[in-house]
Structure formats: C-alpha cells, structure tokens
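Please see the structure below; I have some questions.
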Protein chains: 2
Amino acid sequence: MTKQVKREDIIRAAMDLIAAQGFHGAPMSMIAEKAGVGVGTIYRYFENRDILIKAVYQEIEERLVTFLSRDYPYDQPVRNCFFHVAKGLVTYFVQNPMEFKYSEQFHYSPFGEAHRRNRIFKTAGQPDIFLELYERGLAQQVIKTLPPTVFFNLAFAPIAWSLRDHILEMIRMDDALAQVLAASCWDSVKK
Amino acid sequence: MTKQVKREDIIRAAMDLIAAQGFHGAPMSMIAEKAGVGVGTIYRYFENRDILIKAVYQEIEERLVTFLSRDYPYDQPVRNCFFHVAKGLVTYFVQNPMEFKYSEQFHYSPFGEAHRRNRIFKTAGQPDIFLELYERGLAQQVIKTLPPTVFFNLAFAPIAWSLRDHILEMIRMDDALAQVLAASCWDSVKK
DNA sequence: GTATTAGGAATGAACATTCATTCATAATAT
DNA sequence: ATATTATGAATGAATGTTCATTCCTAATAC
C-alpha cells in the first residue's frame with residue numbers, strides 16, 4: 001500500500017466517522033480502526049487531530065471546486081453561470097452526502113468560524129467561482145446591490161439547508177426540485 | 001435566592017458558555033462556576049448534561065416564539081405576516097446573539113438532528129407560526145407550490161446565515177439590510 | 001431536631017498523544 | 001547470488017489529562 005493511499009484511507013475514515021457521529025463520536029482509535037491502520041500511524045501523516053480535521057475539510061473543498069469548475073460556462077450570462085453552480089452543488093452533494101455532512105460539522109464549529117473569516121470556497125490559486133459570479137452580476141447590473149456575503153447567503157443558503165433535508169431524508173431532492181430551488185434563489189438575488 | 005432563579009442562572013451560564021466556546025469548551029465545572037453554584041447543584045436541577053443542553057434550547061425556542069407572537073398581524077395578508085416574522089427574527093437575534101449562537105450549535109449537532117425531525121419551532125400547545133404562514137400562502141396562491149421544508153428554507157435560511165455573519169461581525173445588520181433581506185426572501189417564495 | 005438543599009472533592013471512564021519496539025524493504029558487502 | 005546491515009514506516013500499550021457524575025458533608029430551612 002503506497003503512502004498516498006494510506007493517507008487517503010485515513011482521510012476517508014475520518015470524514016465518514018465525523019460526518020456520521022460528529023467530532024465527539026470519532027476518537028482517533030476509531031478512525032484508525034476504520035482506516036485499517038494503527039493509531040500511531042495517523043500521527044505519521046498528520047501532526048495531531050486538529051490538523052487531520054482541517055486536512056479533511058481542505059480535501060472536500062478542493063474536490064468540490066474541481067467539480068464545479070468542470071464545464072463552467074465562463075462566456076455565458078451570469079444567470080447561466082449561477083444555475084451551473086447551484087445545480088452543480090446539488091449534484092455533487094447528493095452524490096457525496098458524507099462530504100456534505102462533514103462540511104456542515106466543520107462549518108459550525110470553532111474551526112469553521114476561523115475558516116469562514118478567510119473566505120468560504122476560496123481555494124488558493126484557483127479563481128473564486130462565487131466571487132466572480134457576484135462581481136460580474138453587479139457590474140452588469142443583473143443582481144441586486146448587496147454586500148457579497150448577503151448575496152452569497154440568498155443564493156446558496158436555501159440550497160444548503162435543502163441538501164441537508166434531503167440527506168436526512170426529510171425531502172427528496174430530484175432534478176425538478178433542484179431546478180425550482182435554483183430558480184427561486186435566482187429570483188431572490190436578480191434585479 | 002429562589003429555586004427558579006438558580007435554575008435560570010444555570011441555564012444562562014450554560015447558554016453563554018456553549019454559545020461562545022461550543023459544547024466542548026463548556027465543562028460542567030465551568031458552567032457551575034459561571035452560574036455561581038456548585039457542580040453538584042446543577043444535578044439537582046438537571047438530571048444530566050444532555051438534559052441541561054436540551055432544556056437550554058427549549059428555553060430559547062419558547063422565548064423566541066413568545067417574541068414573534070407579540071403583535072402578530074393575524075388578520076393581515078400573508079405577505080405582511082411573513083415580514084413580521086422575518087424582521088422579528090432579525091430583531092430578536094440581533095438583541096440576543098448568545099441565543100442565536102447557541103441555537104446554531106444545537107441545531108448542527110446530534111441533538112439538533114433528532115429535534116429537527118419533530119419539527120422546528122413547533123412549540124407544543126401554541127399554533128405553529130411558520131406552518132400557518134405556509135398553509136395560508138398556499139391556500140391563497142400567493143406563494144410557489146413547494147414542500148413546506150423548502151418554503152421554510154427559502155424564506156429563512158438566508159436570514160439565519162446573515163444573522164450569523166452579523167454576529168461574527170462580517171456584516172452590519174441594520175434595519176435597511178433586514179428590510180432588503182426580508183424582501184429578497186419574499187421574492188424567492190412568492191408566486 | 002429533622003428534612004431539604006448546596007457544595008465540591010473523589011472517582012472512574014474516555015481520549016489524544018507518545019514512544020519503545022517490531023518488521024519489511026533497501027542498500028551494501030562478500 | 002547470498003548474507004549482512006541500515007533505514008524508517010508502522011504499531012499499540014502506556015501515559016497523562018480532561019471531564020461527567022457521584023456521594024458524603026455542610027449549610028439552611030422548617
């Protein structure tokens with residue numbers, strides 16, 4: 001087993017356990033067992049628990065941004081780009097519910113608070129898809145004049161909450177619902 | 001000091017500590033100290049930690065519902081009622097940031113998941129303000145045809161996220177912003 | 001004087017982290 | 001080609017700490 005694979009096993013195990021049980025319900029010993037490695041081994045790959053937790057989140061963020069960037073309709077109107085992102089979010093997280101639950105745990109924790117201050121979804125190097133959307137929308141006067149955070153909240157908070165409801169099996173998120181949801185969010189930010 | 005007062009002191013101390021530091025950062029000994037009572041005393045009022053945590057949340061929910069029910073414009077159009085609730089939420093939580101942060105912590109924890117299944121903000125006995133809004137909106141055909149949860153998410157998720165941003169001092173929530181926010185949320189659910 | 005309430009030291013369970021030891025593989029010598 | 005040695009990855013028992021809960025004693029009420 002290569003080094004990289006083992007690292008990924010640990011990340012996967014931590015993600016699944018924390019997503020399912022919360023930070024509490026996932027002691028290092030359990031993560032080690034699920035990853036099929038010794039406890040000590042984890043510390044060869046991650047300095048300590050906090051660093052592991054942050055690494056898992058970074059992994060998720062990177063995968064999401066990569067997914068959303070695929071076929072991004074850069075040269076099309078803001079509205080189309082918004083739908084691409086909104087529906088991409090739904091598609092990605094419906095397919096990867098553990099990633100979603102982990103992100104939520106992370107987000108609403110002391111880690112997340114620190115992280116959010118820097119800026120959500122801003123991955124070093126890559127252009128910020130979300131910010132680009134906001135700035136172009138403002139410049140072209142197709143969205144309301146709002147602080148970027150508020151725009152972001154109107155545009156994506158209902159999607160996040162609905163994804164949560166879907167994952168908890170309180171609603172069923174299909175293409176039709178995703179479409180209505182995205183359209184409604186657009187209604188709330190469009191001029 | 002009466003029994004009731006002591007109970008409230010404990011609830012307040014738990015709320016403030018957990019809101020500020022998370023569930024982790026608020027051991028019983030710290031709650032006791034902040035409340036000005038012995039650790040053992042807490043166990044005279046609350047069977048165990050989990051029960052205390054749930055009691056704090058119930059307290060918050062009750063206060064909120066009471067606040068929102070005051071001057072509720074029952075006989076006015078759905079739209080007005082929606083604005084009453086939306087702005088009431090903002091007013092209440094801007095004035096009571098610890099209540100907001102605690103609710104968030106609670107909501108995104110194993111406790112919250114269990115709780116949400118029953119139904120958010122449904123306080124036994126009182127009519128459910130939120131559900132009433134949805135049902136009347138549908139009946140009068142002033143809102144889109146959506147599952148109740150999705151309606152709820154569109155209507156209130158952006159407000160919750162923005163309250164969070166305000167409390168973390170990333171934006172400033174004043175009356176003007178609350179108004180725009182409420183109006184935008186309404187835009188997303190209105191027919 | 002008795003009953004009830006408060007207090008906080010003591011207890012034991014859970015957990016993150018460490019570190020001495022094992023073991024597989026690679027490097028080197030013969 | 002085979003034997004010997006070196007390297008460092010992997011391991012999990014041991015350690016020290018934190019914390020919820022208990023329970024005995026003190027204070028207070030009646």
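Chain naming here is simple, since letters A, B, ... match the order of the sequence lines and numbering starts at 1 in each.
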Those residues that, when tested against A/His84, pass ring-ring contact (aromatic ring centres under 6.0 Å, His included) (two or more places apart):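 Applying ring-ring contact (aromatic ring centres under 6.0 Å, His included) to A/His84 gives A/Tyr72.
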
Atom pair distance, as rounded to whole Å: CD1 in B/Ile42 and P in C/dG7: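 So the CD1-P distance, B/Ile42 to C/dG7, works out to 10 Å.
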
Interatomic distance, A/Ile31 CD1 vs D/dG12 P [rounded to whole Å]: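 Distance, rounded to whole Å: 16 Å.
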
Value in whole Å for how far the P atom of C/dA14 lies from CE of A/Met30: 11 Å

Mutual orientation of the aromatic rings belonging to B/Tyr57 and B/Phe106 [parallel < 30°, tilted 30-60°, perpendicular > 60°]: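 B/Tyr57 vs B/Phe106 ring planes: parallel.
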
With A/Lys34 via salt bridge (Lys or Arg N to Asp or Glu O under 4.0 Å) - residues at least two apart: none

Protein-nucleotide distance (A/Asp9, atom CG; D/dA10, atom P), rounded to Å: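 Distance, rounded to whole Å: 11 Å.
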
Atom pairs under 3.5 Å, N or O on each side, protein against nucleotides 25-30 of chain D: can you list them with distances?
none

Any side-chain donor near an acceptor of the partner, A/Lys6 and A/Thr41, under 3.5 Å: no

Difference in axis direction between the ends of the helix from C/dG1-D/dC30 to C/dT30-D/dA1, five pairs, 10°: 10°

Whether over 12 other heavy atoms sit under 6.0 Å from B/Glu33 CD: no

Aromatic ring proximity, centroids under 6.0 angstrom, B/Phe130 and B/Phe156: yes

Pair B/Asn153, A/Ser162: side-chain N/O donor-acceptor within cut-off below 3.5 Å: yes

Nearest-Å distance for atom pair CZ/P, residues A/Arg44 and C/dA16: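 Checked: the CZ to P distance equals 20 Å.
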
Polar pairs (N or O, both sides) under 3.5 Å between protein and nucleotides 17-21 of chain D?
residue: D/dA20; atom: OP1; partner: B/Arg49; partner atom: NE; Å: 2.8
residue: D/dA20; atom: OP1; partner: B/Arg49; partner atom: NH2; Å: 3.4
residue: D/dA20; atom: OP2; partner: B/Met28; partner atom: N; Å: 2.6
residue: D/dT21; atom: OP2; partner: B/Tyr43; partner atom: OH; Å: 2.9
residue: D/dT21; atom: OP2; partner: B/Arg49; partner atom: N; Å: 2.9

Test item: B/Trp186 and B/Val78 side chains (from C-beta on) under 4.5 Å apart, heavy atoms: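 In contact.
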
Touch class at under 4.0 angstrom, heavy-atom based, for B/Phe46 against every strand present: nothing

Derivation and outcome, salt bridge (charged side-chain N to carboxylate O under 4.0 Å, His left out), residues A/Lys101 and B/Glu113: CA-CA 11 Å; A/Lys101 292 196 81 177; B/Glu113 191 165 317; 3.6 Å; yes

CA sep, side-chain torsions, deciding dist, call: B/Arg136, B/Glu132, salt bridge (charged side-chain N to carboxylate O under 4.0 Å, His left out): CA-CA 6 Å; B/Arg136 198 148 53 93; B/Glu132 191 270 343; 2.8 Å; yes

Rounded interatomic separation in angstrom, taking CD from A/Glu33 and P from D/dG12: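 Those two atoms, CD and P, are 10 Å apart.
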
Hey, what are the protein-to-nucleotides 10-13 of chain C N/O distances that come in under 3.5 Å?
none

pair A/Phe67-A/Thr91: side-chain heavy atoms closer than 4.5 Å: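 When only atoms from C-beta onward are counted, A/Thr91 and A/Phe67 do touch, with a gap below 4.5 Å.
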
Ring centre gap for A/His107 and A/His115 strictly below 6.0 Å: no

Between A/Phe82 and A/Tyr134, ring centroids under 6.0 Å: no

